[in-house]
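This report concerns only the one structure given below.
Naming convention: chains lettered A, B, ... in sequence-line order (proteins, then strands); numbering from 1 in each chain. Computed over heavy atoms, backbone and side chain alike; hydrogens, waters and symmetry mates excluded. Quick caveat, the model's predicted, so the values are computed rather than measured.
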Protein chains: 2
Amino acid sequence: MTDAPARRPAASRPTLADVARAAGVSTALVSIVMRDVPGASDATRERVRSIADEMGYVRDERARKLRQSSSRLIGVTFDLQQAFHGDLVEHLYTAAAAHGYDLAISAVAPSRSEDVAVQALLRERCEVAVLLGSALSDDELRATATRVPLLLVARRSEVDDVSSVHSDDVEGVGLAVDHLVSLGHRRLVHVDGGTAPGADDRRRGFVLAAGRHDVEPWVVPGGPTEHDGARAMAGLVDSPAPPTAVVAFNDRCAAGVLDALVRRRIDVPTDVSVIGYDDSRLAVGPHAQMSTISQNAAEMAECAVTGALDLLAGGEPHEVVLTPHLVARSTTGPPPQA
Amino acid sequence: MTDAPARRPAASRPTLADVARAAGVSTALVSIVMRDVPGASDATRERVRSIADEMGYVRDERARKLRQSSSRLIGVTFDLQQAFHGDLVEHLYTAAAAHGYDLAISAVAPSRSEDVAVQALLRERCEVAVLLGSALSDDELRATATRVPLLLVARRSEVDDVSSVHSDDVEGVGLAVDHLVSLGHRRLVHVDGGTAPGADDRRRGFVLAAGRHDVEPWVVPGGPTEHDGARAMAGLVDSPAPPTAVVAFNDRCAAGVLDALVRRRIDVPTDVSVIGYDDSRLAVGPHAQMSTISQNAAEMAECAVTGALDLLAGGEPHEVVLTPHLVARSTTGPPPQA
DNA sequence: TTCCTGACCTAGAACGTTCTAGTCCAAAGG
DNA sequence: CCTTTGGACTAGAACGTTCTAGGTCAGGAA
């Protein structure tokens, strides 16, 4: 049986010892060369490296992290369905790498609970866990925080032991309201996020800003998905005095709102203005150029990593609040008869 | 210094040896208990387990996988920006778990190349790699396949050593064309995928199906994103004889097409029908109920896992072609004057 | 008594790295 | 001549598991 076709050496990948044997040196020396640390002459360095390349040596990250006192691993949970989480994860990769850390990512989805995702990270022995938009209760957070340092992104922490990085939702929604009012709108409605993380702050921000401008604080129940936005808007268009502007809980919700309007041939922004929240890819996507409140993903990711490392270094847990900003694109404009 | 607040035992998580010491037994016995394998009495089993729980013991997956001959780990690369990949990953988790395997996921994004993602998986020593919608060249695939068994999902493999699971794109687009023609359309256009994986097959499927129905095989250049779809549609609406139906490369592209139409106050499906491809969450999302060609994510994921394990068991690489099916929702209907 | 059997448990060697504590040897300093 | 220095290299012990090859002990058979 002439087996071993070029494929599938999976079971028998070369190890440090294999390379060492081939080069006639100790494994320790090969390790030194592969890690690029001082302790080997240039000549051997080059020789060993070429032999390793030729054999197709790839270091075993598992063994390495097991041996090292610190795993230099940041665990991240994210929601597969949230476009904004995708943006965050991408930037977390680069931010972590900049500090010499690896990322272990663990997905949350309808069929995979946040709890399961966190457990997987714990088993990977990450030094710190970063939870994107966590929906865990305070008690669950507290319990988890006893097992691993915890940092929340895009969610406020009510728990002492947990750090967090999020933008100021009250202020963000305020910016949206300011923008709409400055365009001349007086009949604004907020399609809220229901029980989603952050929904309370955004609702509060809306009510506060409305008060500032002396307009009625009109809030209707919504939710974090397109469906929620569409449903809420469907209920609004038939009201006796429909709103001239909608502040949606987030971009997905806003997308739903836009769709409901479009399907009723109500023009945006001529008849109704709509503004989202997140500046996720949805905002610059299908509904072409949605106005929204931007949470800078790159900045958040950078703050998350430095915050996480600070926690590791023994720093006290703390809260980083970023300033969101308005991105006025093409779904907002003056009200009909202004 | 009274240190050690309840948080951050990260550096000093209890090990098997700690639990063993506390219980007054050997580490081997604790291992037996934690793995739930025969070799311990019910009494000790319960005692050890309760002690472990109390100490907050969590096994170190790294050490375990290092020791085990097979890592029982499936590596997966996916694109953070593709909603359909999210669906696939979710189902891969459950499919892998059903076979006693773990998943190591590694993201691809604009700032993180597929190559980097695959390297990370190799370092994790996964036994097999599953690449979702890979954009690697045949040469790159061949090279990677010499280091780890490879299975492509949602992409055809032209390379001998690589397995693949994908739906029949030619047939799928054919279904879309059949559907539209049966509704009465005769002026169909295909907004293609440019150089994206699978674009060739879908284009070919469109031309073939058009031929079957004796309608003109009209194809315009598009791409895989909303932007591409919107741009292509913008060019079409002003043509002397605009299409009555659009077959888009995928759902994102279709979303762009829809948006371009909506912005010009062209009603869907009254004036123009639009059909996507993928049945990703976009299809049931903002543009409420897009007609599309469904690639069953759960089925694909299941086939991917069994295909990957087959490869591991020494099976020959092979191609699994799934049958897509039509999901007629509300963006397709009869043409204007039919 | 003596031997077997099987249930329960343990010692110690892996796995592939990194790290600590060296050894060895040539060149420089006395 | 002997010592010191420091650069190049190595032996061997970790890291936290799992696995192999036992060991011990009670109870039943002879």
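OP1 or OP2 of C:dT18 has at least one side-chain nitrogen or oxygen of A:Ser31 nearer than 4.0 Å. Considering only side-chain N and O atoms, B:Thr44 lies under 4.0 angstrom from the phosphate OP1 or OP2 of C:dC9.
Among the nucleotides D:dT17, C:dT17, C:dT10, the one closest to any side-chain atom of B:Ser26 is C:dT10. Checking D:dT10, C:dC19, C:dC15 against every side-chain atom of B:Leu66, the shortest atom distance belongs to C:dC15. Comparing D:dT18, C:dC9, C:dT18 by their closest approach to the side chain of A:Thr27 singles out C:dT18.
Note: CG (A:Leu122) to P (D:dT17) measures 13 Å, nearest angstrom. Residue B:Asp36 contributes atom CG, which lies 15 Å from atom C1' of D:dT18 at whole-angstrom precision. The separation between B:Arg123 atom CZ and C:dC15 atom P is 23 Å, rounded to whole Å. The distance from atom CZ of A:Arg59 to atom P of C:dT17 is 10 Å, rounded to the nearest whole Å. B:Arg125 has its CZ atom 21 Å from the P atom of D:dT17, to the nearest Å. The CG atom of A:Leu16 sits 13 Å away from the P atom of D:dT10 (whole-angstrom rounding). If you measure from atom CD of B:Glu61 to atom P of D:dC15, you get 20 Å, rounded to the nearest angstrom. If you measure from atom CG of B:Leu29 to atom P of D:dG23, you get 18 Å, rounded to the nearest angstrom.
Nearest-nucleotide mapping onto DNA chain C: of B:Arg67 and A:Thr15, the residue sitting toward the 5' end is B:Arg67. Where B:Ala63 and A:Gln68 each meet DNA chain C at their nearest nucleotide, the meeting point lying more 5' is that of B:Ala63.
B:Ser41 comes within contact range of the sugar-phosphate backbone alone, with a heavy-atom separation under 4.0 Å but no base atom that close. The residue A:Ala28 sits close to a base: some heavy atom pair falls under 4.0 Å.
For a distance-only test at 3.5 Å, the side chain of A:Arg64 fails to qualify as a donor-acceptor partner of the base of C:dT17.
A:Glu127 places a side-chain N or O within donor-acceptor distance of the main-chain N or O of A:Ser71, the cut-off being under 3.5 Å. Side chain of B:Arg72 to backbone of B:His99: a donor-acceptor contact under 3.5 angstrom is found.
Using modelled atom types, one finds a donor on one side chain and an acceptor on the other under 3.5 Å when comparing A:Ser134 with A:Glu114. A donor-acceptor pair shorter than 3.5 Å can be found between the side chains of B:Glu319 and B:His166.
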| field | Stepwise salt bridge (Lys or Arg N to Asp or Glu O under 4.0 Å) check, B:Arg123 with A:Asp102 | value | CA-CA 12 Å; B:Arg123 283 199 292 269; A:Asp102 279 344; 5.6 Å; no
